[in-house]
Number of protein chains: 2
Amino acid sequence: MFFLQSCLLVLLHREPGYGYSLMSGLTEFGFEAGQMDISILYRVLRDLEAAQLVSSAWDENSLGPKRRVYTITAEGEARLNDWMQLLRQRRRHIETLEAAYDTVNKSD
Amino acid sequence: MFFLQSCLLVLLHREPGYGYSLMSGLTEFGFEAGQMDISILYRVLRDLEAAQLVSSAWDENSLGPKRRVYTITAEGEARLNDWMQLLRQRRRHIETLEAAYDTVNKSD
DNA sequence: CAATCTATAGACCGAATGTCAATAGACTAT
DNA sequence: ATAGTCTATTGACATTCGGTCTATAGATTG
């Protein structure tokens, strides 16, 4: 699925971020703390970079270990737009299913 | 995901059905004709039966080859209820993401 | 009785996902 | 200063899932 990918791109659409900051940013979109494995997130970030939807650079002047800071690319913005349209479709399909289920329930 | 599973259970929630009839019933929920492979559907039906969410029996008096007719079980109804709640959550999360994306876009 | 159609079943493969360490540098405290 | 802990990232392995393709088998049709 591309829901996680879309969430990350929306966060990066706002401002650049690194692994852990994006991790905590995800709670906004329904990812419960601890539910999401950080390894998965890093892998998705690498995949997004391989697809040239984001670019990364080491943040030299941050406390602690260096952070790989990700920035969304123009291509990433375009892809995000596509994905948001697909998610809108997906939402409508869920609504249709909900309606169908509720209808049958009412007539019981 | 359990979207396809939920669609099938909603259809069986209405009335019993077999592979091909369920296949055409899916168009209602956004599956375009020919997009969905019938093999996948049969496998999901077998999985649902293995999980005891549906039960099946051969329809002896139908034209052509015998049809395996599926019926939703009580356990299946309960599970469908759970899944519908999860799908409602998922829809809300998509709405949240859409709102976040649109907000940033407006302020550009 | 050969060909075709409907219906179901099974095998295989690759992509996506989850889980679990492993690394490595920076900070903290004794 | 050095052992221990914390932050941040990376990599390896195992499982699950979806997609595709082929096989079977009986029914119908010409």
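By convention in this document, chain letters (A, B, ...) are assigned in the order of the sequence lines, proteins followed by strands, and residues within each chain are numbered from 1. Values reported hereafter were calculated over all heavy atoms of this structure, with side chains retained and with hydrogens, waters and symmetry mates removed. What you are looking at is a predicted structure, and each value in this text was computed from that prediction instead of being measured.
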Shortest non-hydrogen contact between B:G19 and B:Y42, atoms and distance: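 Shortest heavy-atom contact: CA-CE2, 3.8 Å.
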Residue whose nearest DNA chain D nucleotide is more 5′ - B:M36 or B:P65: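 Taking each residue's closest nucleotide, the earlier one in sequence belongs to B:M36.
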Which whole-number value in Å describes the distance from [X] [atom1] to [N] [atom2]?
| X | N | atom1 | atom2 | answer |
| --- | --- | --- | --- | --- |
| A:M23 | D:dT9 | CE | P | 12 Å |
| B:D47 | D:dG18 | CG | C1' | 11 Å |
| B:L45 | C:dG10 | CG | C1' | 15 Å |
| A:Q5 | C:dT17 | CD | C1' | 11 Å |
| B:F31 | D:dG18 | CZ | P | 10 Å |
| A:I40 | D:dT9 | CD1 | C1' | 15 Å |
| A:R67 | C:dA24 | CZ | C1' | 16 Å |
| B:E49 | C:dT8 | CD | C1' | 13 Å |

OP1 or OP2 of [N] versus the side-chain N and O atoms of [X]: is any pair under 4.0 Å?
| X | N | value |
| --- | --- | --- |
| B:Y20 | C:dT8 | no |
| B:R68 | C:dT8 | no |
| A:Y42 | D:dT9 | yes |

B:H93 and A:F3 aromatic ring geometry - parallel, tilted or perpendicular at 30°/60° bounds: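 If you compare the ring of A:F3 with that of B:H93, the planes turn out parallel.
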Test: B:R68 cationic atom under 6.0 Å from B:W58 six-membered ring centre, within 45° of axis: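 Yes; both conditions hold, so B:R68 lies above the ring face of B:W58.
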Check: A:D59 and A:Y18 side chains under 4.5 Å, non-hydrogen atoms: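 Counting from C-beta outward, A:Y18 and A:D59 never come under 4.5 Å.
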Basic-acidic side-chain contact under 4.0 Å: A:R14, A:E28: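 Yes, charged N to carboxylate O under 4.0 Å.
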Base of D:dT10 paired with side chain of A:S39 (donor-acceptor, under 3.5 Å):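 Side chain to base: pair found, below 3.5 Å.
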Selected nucleotide, minimal atom distance to B:R43 side chain, candidates D:dG18, D:dA8, C:dT8: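 For the B:R43 side chain, the nearest candidate turns out to be D:dG18.
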5' priority, DNA chain C, between A:D37 and B:W58 [closest heavy atom]: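 Whichever sits nearer the 5' end wins; that is B:W58.
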